[in-house]
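In what follows, a single structure is set out as structure tokens and then discussed.
What's counted below: heavy atoms across the whole structure, side chains too, no hydrogens, waters or symmetry copies. Every chain is numbered from 1, with letters handed out A, B, ... down the list of sequences. Computed from a prediction, not measured in an experiment: that's the story for all the values here.
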Protein chains: 2
Amino acid sequence: MGTVSNVLNRPEAVSPATRERVQTAIAALGFVRNESARHLRAGRSRTIGLVVLDIANPFFTDVARGVEDVAAAAGLAVMLCNSDDRADREAAHLDVLTEQRVQGVLITPTAELSPHVEALRSRGTPVVLLDRRATGPDQCAVAVDDALGGRLAADHLLERGHRRIAFIGSSGLPQVHERHDGVAAAVREGTGSTEALTVFSPAHLTVAGGREAAAQIIGLPAGRRPTAAVCANDLIALGVLQEMVRHGVRVPEDFAIVGYDDIDFAAAAAVPLTSVRKPRVELGRRAVELLLDEASDPDHQHSQPVFEPTLVVRESSMVRRPSRTVVSGGIG
Amino acid sequence: MGTVSNVLNRPEAVSPATRERVQTAIAALGFVRNESARHLRAGRSRTIGLVVLDIANPFFTDVARGVEDVAAAAGLAVMLCNSDDRADREAAHLDVLTEQRVQGVLITPTAELSPHVEALRSRGTPVVLLDRRATGPDQCAVAVDDALGGRLAADHLLERGHRRIAFIGSSGLPQVHERHDGVAAAVREGTGSTEALTVFSPAHLTVAGGREAAAQIIGLPAGRRPTAAVCANDLIALGVLQEMVRHGVRVPEDFAIVGYDDIDFAAAAAVPLTSVRKPRVELGRRAVELLLDEASDPDHQHSQPVFEPTLVVRESSMVRRPSRTVVSGGIG
DNA sequence: AGCAGCGCGTGAAACGTTTCAGGATGCCTG
DNA sequence: CAGGCATCCTGAAACGTTTCACGCGCTGCT
């Protein structure tokens, strides 16, 4: 009935008497609007999608918190989807979101950019990349200067006297690649050598992945073993820490560790972790703001803010190496 | 068009030629079904809601993983909602889920059972309580025997010689209350005294809440200070640990800590945490299974499985107190 | 007193899908 | 060759909401 709709949406257009009567009826019947019907009629839904790489990584739950705050304030529901860094799961989630005709999608994509993302955009659905740089100027993206982050981490270790450094992180993700490049550049400039950096690529960016990489490092002959590691995220760093401790390798005395993201658990670790801090909640908030603008403003200008990370120094890297100012990464 | 619908839903009812033709057209136009229209017509949606107390608590993300696994296998999308232990946010989420006519809701409710939950059930929407006992026989619930969990934790500490024990957890949540009761019963039986147990109720079941309680404990005169704590969850335990370490209190020598949930980070803590393990993923899986049964089976029998927790002993409680077999909690 | 205009309520159409009755076509059988 | 039947497609109705045109009755102005 038209009047009911008016009572709910434009109560001022209904006489007080009728309004009252309708509201009583609504309360008595326990009537609740059917969102699907509203959506069907309106052509636009009141939901946005958020697709993350790993829901078990507190970094992403913090981002999600920022997303939910802003979305809720705008009256939007959030569908939180976990791709687990698998393209097929990501695609499946994107299909569902497409069928639901969500108003927009925030996504930290898996390694390769799925055609499903393009399909969404070509339908006119705004897509904002999260913690990932845009591939072109025609879309919004909220990113972090990961080359800088990598550089901060590496410079810190170099300053402490480390001359054989490991970078631990799978190679697929561009943001991880950027971190690696930052580390590599800093190490090259700091040591004059390209051999001072060893790269380890565990299968996943998880605690288990960290343990796996640490086991490899421990397996190296002492002379070629790195004395410190920059990890692609804090989960890896925690895994490395666990495995080192388990094998009696002292952190930071025998091996220094720097994580990335600065999740809350980094500070609570067996040895509190030095980490590269990103504005987690703010990333999420900002991403939704861009999404909302793109969805509502007809002459929306795409925007690609890049946040600056900072280094938070804690115990896991707080030792100065005996100062042999050897420049090349030779046998030590 | 009816034929298109048939091609998508009952392809065998369409001649191969037409089928082919329609599929080509679908691909060419990038046609994607409108889920809202399907839902409107069908009367039932293909979405379920999951409302958790704290998305930043890894316990709940592990539960969510179990939920997603089973839901995805059944072709259902999951709306993950975070109530942050606030009744108003929970109510808002439940309203949204009601408007979306979700097929069912899994919820770990805040302290008091919201009337919104009853409203949902009276509309015929199945609601399964998660990590929470049912209030009556007329609903499904997946719970853990938290009295047993509390008992396991307390017995362990008593066995190690502790005679003044703290329980740290806000009083509002029934599951926390049950843990407390288990601890209290064990302490009473083990010491013959009711004064051996002190309860601390931080504002939230978070790391910050743990720090808050630890500060209180540290503030007590040495003679009345507990020598160990059972925490209502692992986040609290981590907070307690941090604060103790910060104040130079040695764990476990000066103060033993037992957590609850056994999240992955418990093992990675500064001092690896003894914790009461719950089958996290399994809780989620089971909850969805019950939900699906209730939603589809006309003569569904409500079921209220209770899982048994186990104690995982780690370093945070691994010291035997000097064996003064004092029975009452006197000045020590 | 008559009419313009306003305030409010009514009813129908439309959103995109599924379902189902009905109709067209062609084949088989008697 | 006619009747019956199976196969496949077509068209209309329905889901619940919003929107919009319309119409009714009242107020106030001339």
Side-chain angles (χ1 to χ4, degrees), chain A residues 1-47 49 75-77 79 95-104 119-120 122-125 295-296, chain B residues 1-47 49 75-77 79 95-104 119-120 122-125 295-296:
Chain A
M1 208 222 250
T3 305
V4 175
S5 176
N6 282 333
V7 169
L8 290 168
N9 300 311
R10 295 135 53 185
E12 74 285 357
V14 178
S15 75
T18 331
R19 200 190 311 156
E20 184 81 11
R21 211 154 42 87
V22 171
Q23 279 167 341
T24 320
I26 286 178
L29 297 172
F31 170 86
V32 176
R33 282 189 292 213
N34 183 318
E35 173 62 24
S36 285
R38 299 188 75 188
H39 167 198
L40 179 59
R41 167 68 222 223
R44 64 203 313 250
S45 84
R46 309 203 46 73
T47 305
L76 295 174
M79 289 216 55
D95 284 349
V96 170
L97 294 174
T98 309
E99 289 187 350
Q100 304 231 0
R101 299 290 192 277
V102 291
Q103 224 178 91
L120 257 175
S122 68
R123 304 183 68 88
T125 307
S296 58
Chain B
M1 207 219 247
T3 305
V4 175
S5 176
N6 281 334
V7 168
L8 290 167
N9 301 310
R10 295 137 51 186
E12 76 284 357
V14 177
S15 75
T18 333
R19 201 191 309 156
E20 185 81 10
R21 213 155 40 88
V22 170
Q23 278 167 341
T24 319
I26 286 179
L29 298 171
F31 170 86
V32 176
R33 281 190 292 212
N34 182 318
E35 173 61 24
S36 286
R38 300 187 75 187
H39 167 198
L40 180 59
R41 166 68 222 221
R44 65 205 312 251
S45 84
R46 309 204 48 73
T47 305
L76 296 174
M79 288 216 55
D95 284 350
V96 170
L97 293 175
T98 309
E99 290 187 350
Q100 304 231 1
R101 298 291 191 278
V102 292
Q103 222 178 95
L120 258 176
S122 68
R123 305 183 67 86
T125 307
S296 59

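In this structure, the CD atom of A:E99 is 10 Å from the P atom of C:dT17, given to the nearest Å. For the pair B:R10 CZ and C:dT18 C1', the interatomic distance rounds to 9 Å; values are reported in whole Å. One atom, CG of B:N6, and another, P of C:dA21, lie 14 Å apart when rounded to the nearest Å. Rounded to a whole Å, the CZ atom of A:R46 is 16 Å from the P atom of D:dT17. Protein atom CZ of B:R101 is 12 Å distant from nucleotide atom C1' of D:dC15, rounded to whole Å.
If you check every strand for non-hydrogen atoms under 4.0 Å, A:V14 touches sugar and phosphate atoms only. Residue A:G2 is in base contact, counting any heavy-atom pair closer than 4.0 Å across all strands shown. Residue contacts for B:S15: at a heavy-atom cut-off of 4.0 Å it reaches the sugar-phosphate backbone alone, with no base atom in range.
Residues from residues 22-41 of chain A placing a heavy atom under 4.0 Å of any atom in DNA chain D, listed by number, are A:F31, A:V32, A:R33, A:N34, A:A37, A:R38, A:R41.
Partners of B:T98 according to the side-chain contact (heavy atoms from CB on, under 4.5 Å) rule, which considers only residues two or more places apart in sequence or in another chain, are A:V32, B:L120, B:R123.
The shortest non-hydrogen separation linking A:A295 to A:Q103 is CB-OE1, 4.0 Å. In this structure, A:A37 and B:L40 approach most closely via the heavy-atom pair CB-CD1, 3.8 Å. Scanning both residues, B:V14 and B:R19, for their nearest heavy atoms gives O-NH2, 3.2 Å.
Atom OG of A:S5 is separated from atom CZ of A:R38 by 8.0 Å, given to the nearest 0.5 angstrom.
Between B:N9 and the phosphate of C:dT18, there is a side-chain N or O to OP1/OP2 separation shorter than 4.0 Å.
With contacts defined as side-chain heavy-atom distances shorter than 4.5 Å, the pair B:I26/B:L8 qualifies.
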